[in-house]
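Read the structure below first, then the notes.
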Amino acid sequence: MKSKALYLIYIFPVLFLLPFTACDDMDDYSSDPKHTLCFSQDTLCMDTVLTGIPTSTRQLKVYNPNKKALLISSIVLADAGKSGFRINVDGIKGNQFSDIEIAGEDSLYIFVEATLHQQDNADIRLIKDSILFQLNGIRQEVKLQAYAQDAFTFRGKVIEKDTLITSQRPILIYDSISIAPDVHLTLAAGTRLYFHGKAGMQIHGRLSAEGTLSAPVVFRGDRTDRMFPYLPYDRLPGQWEGLRFYKTSYENHLVYADIHGGSFGIRCDSSMTDRRKLTLESSLIRQVSGNGLELTSCQVVVGNSEISNAGENCVSLLGGDYTFTHCTLANYFSWNVRKGVALQVRNELDDTAYPLSSAIFRNCIIAGSGTDEINGGRSKNENIAFNYYFSHCLINSIEEENDKIVNVIWEKDDNFMLMDNHTQEYNFNLGEKSKAINWGRKEDANTYPIDRNGHSRLQDVAPDAGCYESMILPSY
């Protein structure tokens, strides 16, 4: 008993003194001016940011590589309140901090955000700030940079008279934009519509998008920053709604339109099938969480266009009259589980008949990551029209032979230029091994003699199937 008691008497003072010993070590800060901080980056750069919209949070790691602790006299945001940058040091918000301790070979994190101020300027401009660190008589600096883009703002905008919009600045749309019946809205080349949240475009009248190869008309979400260093928000689906053409809308014409990142791309409601509802030419619909091009009992012509990567179907046809020429329908959607195919064709829904008077595909590619990229839903009632025609196409589906199918390659052919599921980058130009090369019918190329890259299809050889003729990367 006596020996055990002595043991406890000796061990207790040692344990009691341990916390004070640790504190003494922490208080023993290095005063050597050679002992400085290291940073995960010397300059923290953000992408182009729309003014007035908060950026995502970026992270800066501050590391003490020395064995002794360091006491940072001050951490200061140099241009606090003016640049639009904000910092948070180890969970505390502010513009100035003092006496920050970092143990030897330890680190702390600084979180950086920005909401840049509008200056009524069409040009993209560089905004600078810096985080200043003072310790042991030495000043260290981490630079902050972001590019600011002013935008015009529409809130619940209703276009009530014929209007031409031409703008060098993006147009930021809150609470959707609507075109009233019998009203014509024209978007000039280079116009960019950025939709916030679940905003979309509701077309009761008429829409024209007059884009060009070098200046497309863009419809997209308003996030211009990055989710991860390798992944811009612009590549994510479901960021906004989409373009919906209502029953009263006819004679819409979109040329060189780039529609991406929405819950859907284009949705056309049921209308008279003897009157053109939409012409879509040399355009892109891509990376949407629902249907890319959803057409219900209407008349639509699509040419020289790509509809790709949809969480449901790239193209969904329910009844109607449709013509597709030199189009690429490619569904390699990989953001989450895909529920559809590249092409869905039906003539009945919920026991309601939707006669398919015509669905023509000439010089097209219908491809995807699945084993069968066509889903047909034909009514058991053979009196309901279900008319289709495929000519000189490359199709990833189950082979079918009849007089409605001419010169079709039934094969899963994934020979495209780029498909990166990790970075969500895709380029559906044809790889050199693609069987779609020179597979198109020359006479059908006369409708679209220039491909979406601006190259001629009228060569001595047959044109390629799909919307691209060359293996040059898209210009936007």
State, with a plain yes or no, whether a side-chain heavy atom of [X] is found less than 4.5 Å away from one of [Y].
X: Gln202; Y: Ser176; value: yes
X: Ile72; Y: Asp99; value: no
X: Arg226; Y: Ser56; value: no
X: Ile374; Y: Ile366; value: yes
X: Tyr174; Y: Phe154; value: no
X: Pro170; Y: Leu50; value: yes
X: Gln140; Y: Thr36; value: yes
X: Asn136; Y: Asp32; value: no

>> Does Arg244 form a salt bridge (charged side-chain N to carboxylate O under 4.0 Å, His left out) with Asp269? I'd like the steps, not just the answer.
In response: CA-CA 8 Å; Arg244 183 173 178 181; Asp269 290 354; 3.0 Å; yes
Looking at [X] and [Y], does any basic side-chain N land under 4.0 Å from a carboxylate oxygen?
X: Lys198; Y: Glu241; answer: no
X: Glu373; Y: Arg338; answer: yes
X: Arg223; Y: Asp234; answer: no
X: Lys68; Y: Asp28; answer: yes
X: Arg267; Y: Glu294; answer: yes
X: Arg220; Y: Asp258; answer: no
X: Asp414; Y: Lys412; answer: yes
X: Arg235; Y: Glu425; answer: yes

> Going through the checks in order, is the side-chain contact (heavy atoms from CB on, under 4.5 Å) test met by Leu71 and Leu135?
Replying inline: CA-CA 7 Å; Leu71 181 66; Leu135 73 161; over 6 Å; no
>> Between Gln134 and Arg139, does the side-chain hydrogen bond (donor to acceptor under 3.5 Å, both in side chains) criterion hold? Intermediate values first, please.
In response: CA-CA 5 Å; Gln134 192 78 29; Arg139 193 182 84 165; 5.4 Å; no
Looking at every non-hydrogen atom in both residues, tell me the closest pair between [X] and [Y] and how far apart they are.
X: Ala342; Y: Cys314; result: O-CB, 3.2 Å
X: Thr51; Y: Ala148; result: CG2-CB, 3.9 Å
X: Phe85; Y: Lys128; result: CE1-C, 4.5 Å
X: Phe133; Y: Leu37; result: CD2-CD1, 4.0 Å
X: Ser30; Y: Leu70; result: CB-CD2, 4.0 Å
X: Phe97; Y: Val89; result: CE1-CG2, 3.4 Å

> Between Glu281 and Tyr256, does a side-chain hydrogen bond (donor to acceptor under 3.5 Å, both in side chains) hold up when you go through it step by step?
Replying inline: CA-CA 7 Å; Glu281 299 181 297; Tyr256 279 106; over 6 Å; no
Counting distance only, does the side-chain N/O of [X] pair as donor-acceptor with the main-chain N or O of [Y] below 3.5 Å?
X: Ser249; Y: His204; answer: no
X: Asn331; Y: Gly368; answer: no
X: Thr328; Y: Ile365; answer: no
X: Asp225; Y: Met46; answer: no
X: Asp129; Y: Leu144; answer: no
X: Asn313; Y: Ser316; answer: no
X: Asp420; Y: Gln424; answer: no
X: Ser263; Y: Trp240; answer: yes
X: Ser434; Y: Ala436; answer: yes
X: Asp90; Y: Tyr109; answer: yes

> When Asp150 is tested against each of Arg169, His117, Arg125, Gln168 for side chain to side chain donor-acceptor pair (under 3.5 Å), which residue passes?
Replying inline: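 Passing option: Arg125.
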Would you confirm whether the ring centroid of [Y] sits within less than 6.0 angstrom of the ring centroid of [X]?
X: Phe416; Y: Tyr426; result: no
X: His326; Y: Tyr448; result: no
X: Tyr322; Y: Phe361; result: no

> Just wondering, more than 12 heavy atoms not from Asp182 lying within 6.0 Å of its CG?
Replying inline: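 12 or below, so no.
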> Should the heavy atoms of other residues, nucleotides or ligands under 6.0 Å from OH of Tyr250 be counted, would the total exceed 12?
Replying inline: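 Atom OH in Tyr250 is packed in, count exceeds 12.
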Rounded to the nearest 0.5 Å, how far does [atom2] of [Y] lie from [atom1] of [X]?
X: Asn415; Y: Met419; atom1: CG; atom2: CE; answer: 8.0 Å
X: Leu108; Y: Ile102; atom1: CG; atom2: CD1; answer: 4.0 Å
X: Arg457; Y: Thr447; atom1: CZ; atom2: OG1; answer: 10.0 Å
X: Ser167; Y: Phe152; atom1: OG; atom2: CZ; answer: 4.5 Å
X: Ile127; Y: Gln119; atom1: CD1; atom2: CD; answer: 5.5 Å
X: Asp42; Y: Leu60; atom1: CG; atom2: CG; answer: 9.5 Å

> Applying the side chain to side chain contact (heavy atoms under 4.5 Å, CB included) test to Leu254, which of Val217, Ile266, Leu187 qualifies?
Replying inline: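 Of the listed residues Val217, Ile266, Leu187, the side chain to side chain contact (heavy atoms under 4.5 Å, CB included) partner of Leu254 is Ile266.
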> Between Thr186 and Arg206, does any side-chain donor sit less than 3.5 Å from a side-chain acceptor?
Replying inline: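 No, no side-chain donor-acceptor pair sits under 3.5 Å.
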>> Does Ser130 form a side-chain hydrogen bond (donor to acceptor under 3.5 Å, both in side chains) with Glu141? I'd like the steps, not just the answer.
In response: CA-CA 7 Å; Ser130 58; Glu141 177 184 23; 3.2 Å; yes
>> Could you go through His35 and Asn64, starting from their C-alpha distance and side-chain angles, then the distance that decides it, and tell me whether this counts as side-chain contact (heavy atoms from CB on, under 4.5 Å)?
In response: CA-CA 8 Å; His35 288 175; Asn64 175 13; 5.9 Å; no
>> Run Val112 and Ile131 through side-chain contact (heavy atoms from CB on, under 4.5 Å) and show every step you take.
In response: CA-CA 10 Å; Val112 182; Ile131 305 174; 4.2 Å; yes
> Given the rule in the side-chain hydrogen bond (donor to acceptor under 3.5 Å, both in side chains) test, do Ser271 and Lys247 qualify, once you have shown the distances and angles that lead to the verdict?
Replying inline: CA-CA 5 Å; Ser271 306; Lys247 183 177 181 179; over 6 Å; no
